[in-house]
K.L.:
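Here you go, one structure.
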Amino acid sequence: DAGITQSPRYKITETGRQVTLMCHQTWSHSYMFWYRQDLGHGLRLIYYSAAADITDKGEVSDGYVVSRSKTENFPLTLESATRSQTSVYFCASSETTVGHRNYEQYFGPGTRLTVT
Amino acid sequence: GEDVEQSLFLSVREGDSSVINCTYTDSSSTYLYWYKQEPGAGLQLLTYIFSNMDMKQDQRLTVLLNKKDKHLSLRIADTQTGDSAIYFCAERNGGYNKLIFGAGTRLAVHP
């Protein structure tokens with residue numbers, strides 16, 4: 001199906017484990033983003049990518065790693081999970097700024113991660 | 001710095017109008033957005049406004065922008081139970097299409 005998907009939708013892991021959240025989009029959008037959503041904070045940007053092999057940190061990037069070897073995939077890895085990383089994680093994508101001037105971001109359904 | 005603020009909760013009666021308010025700090029923001037999040041789902045763009053506009057209307061939705069006060073509002077006319085959700089205000093910041101989100105306003109619609 002076309003769109004943006006995330007997997008897994010739910011994940012429980014233990015402190016100290018490495019966990020990878022997957023994001024896949026079928027639109028060939030240039031931009032991709034990872035956010036986390038916590039009560040009282042709204043969405044905070046973890047990492048973003050302007051194109052394959054181009055990534056940059058957002059405001060809450062500590063403890064996270066991303067890669068973008070292919071345009072359609074943007075995995076997010078927690079290298080050593082901590083309880084403070086319990087959150088709902090959203091991936092988003094948007095078209096390049098040329099020709100899409102409203103810069104809409106399209107969001108995936110989210111991954112609920114619990115670190116015990 | 002960059003900051004977007006919203007009240008956290010709004011309760012309205014079905015059929016009334018809802019007004020959700022937002023303030024932002026970055027005067028260079030070019031686009032401002034309203035996203036809707038239903039329970040267990042991702043965010044969906046409701047509407048947006050370009051910074052050189054004062055108002056935008058889209059069916060039951062009216063967006064008002066006061067650039068001088070850096071204030072954005074979303075009015076939903078004839079609010080229905082299906083409008084119950086969390087509404088996020090966001091501003092576009094920077095050249096990489098980054099969005100800065102508010103904490104979200106939970107809208108509860110009661111009969």
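Computed from heavy atoms alone, side chains included, the values below leave out hydrogens, waters and symmetry copies. So you know, we letter chains A, B, ... as the sequences are listed, proteins then strands, and number each from 1.
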K.L.:
Could K36(B) and F88(B) be counted as a cation-pi pair, given that NZ or CZ must be under 6.0 Å from the ring centre and within 45° of the axis?
P.N.:
no
K.L.:
Could you tell me which portion of L45(A) (side chain, backbone, both or neither) has an atom closer than 4.5 angstrom to a non-hydrogen atom of chain B?
P.N.:
side chain
K.L.:
Identify which part of Q37(B) has an atom lying under 4.5 Å from any heavy atom of chain A, answering side chain, backbone, both or neither.
P.N.:
side chain
K.L.:
Given heavy-atom pairs under 4.5 angstrom as the criterion, report whether the side chain, backbone, both or neither of L99(B) touches chain A.
P.N.:
both
K.L.:
So, T55(A) versus R68(A): side-chain donor-acceptor pair below 3.5 Å or not?
P.N.:
no
K.L.:
Below 4.5 Å from any heavy atom of chain B, which atoms of Q6(A) appear? Answer side chain, backbone, both or neither.
P.N.:
neither
K.L.:
Under a 4.0 Å threshold between the charged nitrogen and the carboxylate oxygen, would K57(A) count as salt-bridged to D62(A)?
P.N.:
no
K.L.:
Please classify the contact between R112(A) and chain B as side chain, backbone, both or neither, with a heavy-atom cut-off of under 4.5 Å.
P.N.:
neither
K.L.:
When you check the gap from the basic side-chain N to the acidic O, do D58(B) and K56(B) get nearer than 4.0 Å?
P.N.:
no
K.L.:
What part of L8(B) lies closer than 4.5 angstrom to a heavy atom of chain A: side chain, backbone, both or neither?
P.N.:
neither
K.L.:
Could R44(A) and D38(A) be called an ion pair, given the rule that one side-chain N must be under 4.0 Å from one carboxylate O?
P.N.:
yes
